[in-house]
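Take a look at the structure below.
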Protein chains: 2
Amino acid sequence: MDSINIKKLAEALNLSTSTISRAFRDNSDINAATKTLILEKAKELNYQPNHYASNLREQKSKTIAVIVPELANNYFSQAIHGIERVARENGYHILIYVTDDDYSKEVNFINHLHNGRADGIIMSVSGEANDHNYLNKFGANRLPLVFFDRVYEDIETPRIITNDYKSSFLATEHLIEQGCKRISYLVVNKSLSIGKTRMQGYIDALAKHNLPFEEQLIVDCSNSYEENSVIIKNALTQLKPDGFFASVERLAFATYYACYNLNISIPEDLKIISFSSLEIAPLLNPSLTTITQPATEIGTEAAKMLFKILDANGLKNLPSEVVLESKIIMRNSTSNSPEKP
Amino acid sequence: MDSINIKKLAEALNLSTSTISRAFRDNSDINAATKTLILEKAKELNYQPNHYASNLREQKSKTIAVIVPELANNYFSQAIHGIERVARENGYHILIYVTDDDYSKEVNFINHLHNGRADGIIMSVSGEANDHNYLNKFGANRLPLVFFDRVYEDIETPRIITNDYKSSFLATEHLIEQGCKRISYLVVNKSLSIGKTRMQGYIDALAKHNLPFEEQLIVDCSNSYEENSVIIKNALTQLKPDGFFASVERLAFATYYACYNLNISIPEDLKIISFSSLEIAPLLNPSLTTITQPATEIGTEAAKMLFKILDANGLKNLPSEVVLESKIIMRNSTSNSPEKP
DNA sequence: TTGTACGCGTTATCAC
DNA sequence: GTGATAACGCGTACAA
């Protein structure tokens with residue numbers, strides 16, 4: 001491996017390594033002429049300062065890590081896209097870690113990242129049912145951390161979230177206004193904060209409209225497509241709901257399949273509204289009424305927040321929470337007079 | 001910053017840094033007892049070897065970079081998911097770069113990556129219309145590189161692709177068999193290899209079935225949703241095709257919207273088949289007939305290929321091309337007797 | 001404005 | 001089996 005380094009470049013130009021180094025930083029004084037000379041030669045020889053050496057020297061990595069539960073989900077892809085853009089604009093790179101909703105992977109990732117590999121972490125969490133204390137053991141050495149969407153309530157760190165309670169309330173109210181009397185709430189894990197918050201909106205909307213709340217109408221689903229299929233079919237046949245409020249888009253899709261299967265027609269027999277970032281929700285059969293979160297913007301804001309923390313460098317009068325607005329977009333899956341769009 | 005390092009850990013245990021270091025590698029000889037002692041203390045003090053120092057020392061980063069044109073696309077999300085899994089299993093991390101189909105960004109990313117930040121690159125290219133020579137200037141120092149899906153034909157490096165020609169041929173034939181006489185081919189950039197290959201399949205299938213090939217039936221679209229909307233509407237009204245073969249899923253979606261708008265009914269008036277990795281294609285209205293690429297598997301194979309190269313360490317009798325099979329899944333958008341599924 | 005010299009945290013080599 | 005030491009490539013005091 002005869003790759004180029006600062007020393008060789010220095011020799012080639014008959015200069016010292018420090019001068020070369022200076023040519024690549026903005027702060028140091030250096031003769032403009034020598035600087036251009038160096039940069040030219042560097043380009044010619046394809047030299048770039050070694051990232052790891054710089055990092056070691058400067059004790060920072062210009063890298064942020066992004067941890068998400070899954071990737072095959074429009075919401076997270078869009079969020080990452082937002083993060084990537086902001087990161088790049090700031091000269092940062094992003095590392096991606098997928099937990100597959102596995103708490104132990106999350107813990108592993110976080111632990112490993114504390115070896116200097118990243119300057120900060122943006123995470124949507126996976127282990128709400130578990131112990132979050134692993135995040136505290138780093139003490140003051142914990143990397144700057146920003147939560148988005150799925151958060152640990154008991155961990156003190158900035159978070160970017162959406163107004164889930166209000167959206168859920170309005171979503172449920174929308175179903176009620178469309179005539180639903182027996183609305184079921186589909187959730188992946190109702191003990192998770194996000195599932196809980198959304199459920200509370202649902203419960204309160206029922207109460208406001210004097211509809212009884214039945215425990216059994218809370219349908220707790222899993223992460224497995226097959227299991228959900230069974231669970232949802234059972235819910236449909238046994239509970240006989242006339243409305244579904246899905247807390248996650250995946251559950252709406254599973255419901256569509258189940259309804260096709262059971263010959264239940266949406267929206268005549270069952271109306272459904274779902275949290276979803278799917279851009280082609282209008283193309284579904286029937287088009288799906290969604291609560292759409294500003295996914296890209298959430299990513300953007302999360303990244304901006306992280307950079308604020310990194311810039312602040314200890315000063316801690318930062319906003320601890322940013323709440324963005326989701327939008328309810330009404331379509332045929334909750335319509336009373338569905339027509340082809 | 002009083003973070004822990006190997007020296008402090010050594011002091012805390014009254015050992016030398018070398019011994020500590022040994023405890024963390026698998027190869028070196030070390031007393032089992034001291035090793036467990038060290039690992040325990042390390043855990044207690046939350047010590048991990050600094051990644052950048054190790055990298056500097058070992059001249060490798062245990063990191064691979066993934067460059068994709070876009071992220072808000074099921075295909076690439078799934079591919080990245082596959083890559084991430086394999087990388088993690090090999091103890092590697094992945095950096096993500098999104099070019100937004102901008103050639104200059106791609107060049108920038110590649111250049112920057114050659115500073116030691118990554119050990120290898122997996123890329124789906126963005127700049128086919130441009131000069132690919134920038135990849136050659138690194139000479140023997142070029143990082144190991146694997147292309148997937150979108151490749152530069154003139155760059156010699158392993159690639160993971162799908163049998164696009166055959167799929168396209170079969171897709172077109174399928175439309176013909178369903179009774180289409182006037183099939184239009186929707187492409188984003190017909191000069192790109194992927195657009196070209198798919199087009200050739202289309203052309204040859206027409207020929208086989210004695211259908212005339214008309215230049216104007218090749219509809220060249222853009223990356224802008226608005227522009228495509230206009231282009232496709234024009235194509236529908238002016239060319240009056242009875243079949244669409246979309247080389248990219250985005251164009252199929254745009255067609256759906258256009259047809260809703262123009263009151264053209266799919267599949268009665270227009271049949272459509274598209275390359276797409278959308279998992280909920282069955283839920284569209286009507287359900288979309290797709291050529292589905294094994295996206296996750298492509299990612300997996302690309303990553304495996306890269307690791308093979310990294311392991312081979314120069315030995316170059318590696319397969320230069322892996323071709324995976326796409327599947328055509330027939331649904332209602334190309335059906336002659338559509339019924340609700 | 002430029003050069004010298006040291007150290008960032010780690011690991012490989014060579015002693016012991 | 002363990003310790004001392006040099007080197008990885010770079011950036012910055014400090015000296016010139």
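In this text, all values refer to a predicted model and were calculated from it rather than measured experimentally.
Counted by atom type alone, A/N111 and A/K137 present one or more donor-acceptor pairs between their side chains at under 3.5 Å.
Taking B/R159 as the reference, B/E153 meet the salt bridge (Lys or Arg N to Asp or Glu O under 4.0 Å) condition, with sequence neighbours excluded. In terms of the ring pair (Phe, Tyr, Trp, His ring centres under 6.0 Å) criterion, residue partners of A/Y97 (sequence neighbours excluded) are, by chain and number, A/F109, B/H93.
Distance, B/K35 NZ to D/dT2 P: 12 Å, rounded to whole Å. The CZ atom of A/R117 sits 18 Å away from the P atom of C/dG9 (whole-angstrom rounding). Residue A/N31 contributes atom CG, which lies 5 Å from atom P of C/dT2 at whole-angstrom precision.
The aromatic rings of B/H114 and B/F138 lie parallel to each other, with less than 30° between the two planes, well short of the 60° mark.
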Summarise protein proximity over nucleotides 6-16 of chain D in one line of letters, 5' to 3': B for base, S for sugar-phosphate only, - for none, counting protein heavy atoms closer than 4.0 Å. BBBBBBBB---
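Within the 4.5 Å cutoff, the side chain of A/E106 has heavy atoms near those of the A/V125 side chain.
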